[in-house]
S.K.: 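Once you've had a glance at the structure underneath, I'll fire off some questions.
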Amino acid sequence: MNVLIYNDLKHKKIPHLAKFIQSMEQGHLAQVEAKKLRPNLYRAKLGQAARLIFSLYRYQGKTYCLVLEYLPNHEYEKSRFLAGASIDESKIPTVTQEQALEPIDAVYLNTQSPHFYYLNKAISFDEEQQLIYDTPPPLVIVGSAGSGKTALLLEKMKQAVGDILYVSHSPYLVQNAREQYYSNNYDNDLQEQVDFLSFTEYLETIEVPHGREVTRYDFHTWYLRAGSKKLIAQKVYEEFKGVLTGPSTDSPWLDKAAYLALGIKQSLFDQQEREQVYTLFEKYLRFLKEHALFDVNIISQQYLDKVVARYDFIVIDEVQDLTNTQLMLILNALHQPNDFLLCGDANQIVHPNFFSWSKLKSLFFTDATFKNSHQALNILQANYRNSSLVTDVANRILKLKHARFGSVDKESNFLVNCVGNNVGNIQLLDDSDSVKGTLNANTARSTKFAVLVMHSEQKAQASKVFDTPLVFSIEEAKGLEYENIVLFNFIHDESQIFQQISQGVSLQDLEVESLAYARAKDKADKSLETYKFYINALYVAVTRAITNLYIVETKHTHPLLTLLDIERFSGELHIEKQTSSTEEWQKEAIRLEQQGKLEQAENIRQSILSEQAVPWVSLEGEALAALHHEAFTEKNKKAQLLLLEYCLLNQSHKTTQQLIELGVKAASQAQSHPLKALKNLYKKHHVIYDFKHVKGLEREVSKYGVNHRTRFNLTPLMTATMNNNEPQVEALIDMGANKTLVANNGLNAWQMYLGRYLQSEKALSKEMSQLHSLLTPPATSIQVDGKLEKLDSHTMYDFLLNVFLSLWYDYLPDQLVNHSSGLTAANLAVMLGTLPDNVLPPMKKKQAYISRYLSSNECSKEGVRNKKLFYRMKRGHYVLNPNLTFKLGSRWVSLKERLDVMQWSPTAPEFYAQYSQEYQRQWRRYTEGNLRRYQQLFLREADQVTADSLVTREKESVTPLF
């Protein structure tokens, strides 16, 4: 057995490691007292208290031990890979020599390297990848789908120090990269601060644009009314997005003279057509202005003068989706112009931007900022994702593209090498009812099969044949991958175009082992620009298949099928029926929602999950207002009790007080014994959330969806969390519950739990250790001074913001009214001191550390890292910045709209009798001074409380501030 060491592990400081390695190489597990903690996670005993965590993998018939972590003094609670789990060594089964160890099969291990890397799984770099990893920036990485380029650049990010940006056009790719980066509780925020942003989010960090981004649908709707029948809408759209806007960094769009003067290969249109195209473009600009829409290319150029240097290292993934202007906008945020890493694959371009690696290099070497940057351009040819047969077809597409159009540039001139041992399967099938019926019957209920067509308008025809909700156009499919892909008349529906692409190419032209660099002979030939979308679309479609590819075509005699050597895979269809579980479909719907594939996600909910609307009316908006009317105006007893239950769950203290004043006995009892009242409430309305098992909950979720709203407008995740039901919380997160949704009180499930924990006399560290990692949303997006600040959950910024939000109803009012103070570093240090170390490291719990974050993020100060989160009422006393705006879903919501100040509890009448006249004078000064200023910032003029009313309320011993 060979032993490999995790590269982040300081192995030279581990005692007795050499002895452990010797024992494992000889297969003597008893000598290291190996015990199994979790599936493929073991511990070894190095000494009386020292422990080692390792995993086992099988590669090329041999077993490898991968050493992950060193734990001195039995510190299992500090383990990254155990995530704070409590371990009782006496209950862990010992692994004997005779027992099978069940190693996991590894796709690839570099047996020549003593080290490996770890993201969401163990990763081993080949020689090319290792060379890039060891090379300092600037770097440009060219790699095909499945080449491991994203994993490589994430590991490169860990080498950087300071403020780091990861950016890509795809929000899902950004989210997925973030999850990989922070997987298994990786944390390096003492060395680096990382922003994971989509390109749209990056724009918003410079300035949130007014209006809404124009979509492809908006364009096509406008073109039906204002366009020309002589010009194809899609071609005009590509010209607008890739030629008229985007390439030039000097102006937001080309003027008419510059556009008409473009070279032959710089435009999709001939010289005589460009006059008409530019006239349409001028109409398009007026359309944007009239409908408060913005074009992202135009905004990018306009923001070039607004961007400021703020990052020490920038990583751009899928760079081929960016225009020159967008690229420069990102790189202008660097302190040092050469500290960047770009990554992409020009063969996957399905967006109109005229990208090529040669143009990218030209941009760097002609722009004065980058003249001294001799960045190396590196090519990754290995493929770790697709099966060998799928890779063969993908390579033949690249050979065909090269033979027909010549080389786009030197850097895109390579074939892909399949590394895995999976052969896979390809079948060319007839477009007959029997074949389609068999294929549909055996795949329609499986999440592992997806159907692809070329254009969106072709999805309707495919959906008549295939019952699966997983039907995608090629633009929707980019970024997705499935075990099995069905291409439905992909070639037949564009038969003439693929006929033109195949023209003049022979089988002999494709019998080459590599691609020789060769430009197209005729410079006036714009075939590549005309057909690039189609040949790239075919390449993207094929590479979405991890293992198997099913090609359904009306005619098998098309020359393209012959050139791709697919005819030999025709024959009778052999496929076993596959059915995915409800849980798998629920996760697939959530995954597609995260990627913006809302149509497919909704189809899953309707056709597979058969989710229903809830049979009750959730208490919000008009329904809640009607309940208030029944309770207070009509004096309806049932309405009063229901409103009281709503108040208990939503921290509506003022309404509870009003019910008490109305004489509702249950309200007085609930105020005296809130925990008992909540317990009774759960038994009455939420009995399924009282059980530790999840069967009843699963039935409820299968009926109404994982994010449905209860009668009190709470989600299942909020309800399970408030009942401290850890097994149900874990099950709901596994089903894909949305952590970011908020209740009527403006708090999400994590904030509800955090607030209760921080104020609890008996803090439960064990539950917090588990629930923190389950409940915490990945980030909080706020807007300050017209700019987006995306606060990652790994930062102290986000943690403190969540703390302030969580204490809004039950702690802050008492501080403001009864103590004339806000939150201080001292009382925060006391509350945060009870948190487990895996939730908040010891250093971050210290008063001085907290104080530094409070003072350096005051809204009245300026600074590069100042997020302007807090308003300082007086020295050391803080409340939330009243001008904060939060992004909830796609909406921007102000602090006042999100949180309900009017539900703060009134002060008890006997309050003033407890304090001296001098203290009351001090209290009045702060109330009518600093607190008044906070109030004026927070509330609209019509809602402000006058100084006279404050004095009156003081005399009456009732002091609700707002």
Side-chain angles (χ1 to χ4, degrees), residues 350 387 389-390 392-394 396-397 400 424-477 480 482-503 505 507 531 533-578 599-600 603 607:
V350 292
S387 64
L389 280 177
V390 170
D392 287 344
V393 175
R396 290 191 75 84
I397 295 172
L400 170 61
N425 180 44
I426 294 176
Q427 284 200 272
L428 177 60
L429 303 171
D430 292 324
D431 184 15
S432 65
D433 292 340
S434 61
V435 170
K436 290 183 292 189
T438 302
L439 188 59
N440 179 52
N442 289 289
T443 65
R445 291 298 178 265
S446 173
T447 58
K448 296 182 178 180
F449 284 80
V451 178
L452 303 189
V453 294
M454 182 73 77
H455 300 295
S456 293
E457 52 268 27
Q458 295 163 341
K459 291 194 296 182
Q461 182 61 35
S463 295
K464 292 179 181 178
V465 176
F466 300 101
D467 295 328
T468 178
L470 303 178
V471 178
F472 302 92
S473 68
I474 195 59
E475 289 189 1
E476 292 173 324
L480 296 174
Y482 286 92
E483 196 72 28
N484 309 276
I485 289 293
V486 178
L487 299 187
F488 181 58
N489 276 327
F490 209 83
I491 297 170
H492 174 75
D493 287 345
E494 302 291 349
S495 182
Q496 290 186 348
I497 288 175
F498 282 115
Q499 190 92 26
Q500 290 291 327
I501 290 174
S502 305
Q503 188 175 7
V505 182
L507 280 170
Y531 300 124
F533 168 81
Y534 298 94
I535 193 69
N536 283 359
L538 181 59
Y539 176 81
V540 170
V542 167
T543 54
R544 297 312 92 196
I546 297 174
T547 306
N548 304 313
L549 185 64
Y550 299 89
I551 303 171
V552 179
E553 284 291 332
T554 301
K555 293 182 180 180
H556 292 190
T557 56
H558 196 286
L560 183 69
L561 293 172
T562 303
L563 291 172
L564 297 183
D565 197 22
I566 290 175
E567 290 177 320
R568 62 191 175 101
F569 295 108
S570 60
E572 188 176 349
L573 174 62
H574 297 286
I575 188 170
E576 294 183 1
K577 187 171 185 177
Q578 298 187 35
E599 177 188 337
Q600 290 79 7
N603 287 341
S607 63

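When reading the values below, keep in mind they use all heavy atoms of this one structure, side chains included, and skip hydrogens, waters and symmetry mates.
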S.K.: Between N440 (side chain) and K436 (backbone), is there a donor-acceptor pair under 3.5 Å?
M.R.: no

S.K.: Quick check: closest heavy atoms across L549 and V390, and the distance to 0.1 Å?
M.R.: CB-CG2, 4.4 Å

S.K.: Taking D392's backbone N and O only, do any of them form a donor-acceptor pair with R396's side chain (distance below 3.5 Å, no angle check)?
M.R.: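 Judged by distance alone, no pair lies under 3.5 Å.
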
S.K.: Measure from the side-chain N and O atoms of H492 to the backbone N and O of H556, and report whether any donor-acceptor pair falls under 3.5 Å.
M.R.: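 Flag not set: sc H492 to bb H556 has no pair under 3.5 Å.
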
S.K.: May I ask you to decide if I491's main-chain N or O and E553's side chain share a donor-acceptor pair within less than 3.5 Å?
M.R.: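 Checking the backbone N and O of I491 against the side chain of E553, a donor-acceptor pair under 3.5 Å is found.
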
S.K.: Taking all heavy atoms of L470 and all of S446, pick out the closest pair and write down the distance.
M.R.: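 Between these two residues, the closest heavy atoms are CD1-O, 4.1 Å.
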
S.K.: Measuring only between side-chain heavy atoms, which start at C-beta, is Q578 closer than 4.5 Å to K448?
M.R.: yes

S.K.: Check the surroundings of atom CD in Q496: do more than 12 heavy atoms from other residues, nucleotides or ligands lie under 6.0 Å from it?
M.R.: no

S.K.: Give me the atom names and distance for the closest heavy-atom approach of A394 to T543.
M.R.: CB-CG2, 3.9 Å

S.K.: Rounded to the nearest 0.5 Å, how far apart are CG of L428 and CG of D430?
M.R.: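 Spacing of CG (L428) from CG (D430) equals 7.5 Å.
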
S.K.: Tell me the closest heavy-atom pair linking I426 and V393, and the distance in Å.
M.R.: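 Scanning both residues, the minimum pair turns out to be CD1-CG2, 3.2 Å.
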
S.K.: Find the distance between OG (S502) and CG (L561) and round it off to the nearest 0.5 Å.
M.R.: 8.5 Å

S.K.: Taking Q458 for the side chain and M454 for the main chain, is one N or O donor matched with an acceptor at less than 3.5 Å?
M.R.: yes

S.K.: Is the closest side-chain heavy-atom distance between L560 and L538 below 4.5 Å?
M.R.: yes

S.K.: Can you tell me if N548 uses its side chain to pair, donor with acceptor, with the backbone of N484 under 3.5 Å?
M.R.: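 Not at all, since once roles are kept as given, no pair shorter than 3.5 Å links the two residues.
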
S.K.: Check whether the side chains of H574 and Q427 place a donor and an acceptor atom closer than 3.5 Å, and report yes or no.
M.R.: no

S.K.: Would you indicate whether the side-chain heavy atoms of Y550 and I575 approach each other to under 4.5 Å?
M.R.: yes

S.K.: Which pair of non-hydrogen atoms, one from G424 and one from L389, has the smallest distance, and what is that distance?
M.R.: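 For G424 and L389, the tightest heavy-atom pair comes out as O-CD1, 3.4 Å.
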
S.K.: Using 0.5 Å steps for rounding, measure from the OG1 atom of T562 to the CD atom of E567.
M.R.: 3.5 Å

S.K.: Could you give the distance from OH (Y539) to CG (N536), rounded to the nearest 0.5 Å?
M.R.: 9.5 Å

S.K.: CD1/I474 to OG/S456 distance, rounded to the nearest 0.5 angstrom?
M.R.: 11.0 Å

S.K.: Mind checking what makes ring pair (Phe, Tyr, Trp, His ring centres under 6.0 Å) contact with F466, not counting sequence neighbours?
M.R.: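 Scan of F466 (ring pair (Phe, Tyr, Trp, His ring centres under 6.0 Å), adjacent residues dropped) gives F488.
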
S.K.: Mind checking whether F449 and N442 have side chains closer than 4.5 Å, heavy atoms only?
M.R.: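 When only atoms from C-beta onward are counted, N442 and F449 do not touch, as no gap falls below 4.5 Å.
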
S.K.: Is the shortest heavy-atom distance from the side chain of T468 to the side chain of T443 under 4.5 Å?
M.R.: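 A side-chain contact is absent here, since even the closest heavy-atom pair is not under 4.5 Å.
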
S.K.: How far apart are the closest heavy atoms of V486 and V552, and which atoms are they?
M.R.: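 Scanning both residues, the minimum pair turns out to be CG1-CG2, 4.1 Å.
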
S.K.: With a 3.5 Å distance limit and no angle check, can you tell me whether H455 reaches the backbone of E457 through a side-chain donor-acceptor pair?
M.R.: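 No, the answer is negative, given that no donor and acceptor are paired below the 3.5 Å cut-off.
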
S.K.: I need the L563 CG to L507 CG distance, nearest 0.5 Å.
M.R.: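 So the CG of L563 and the CG of L507 are separated by 5.5 Å.
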
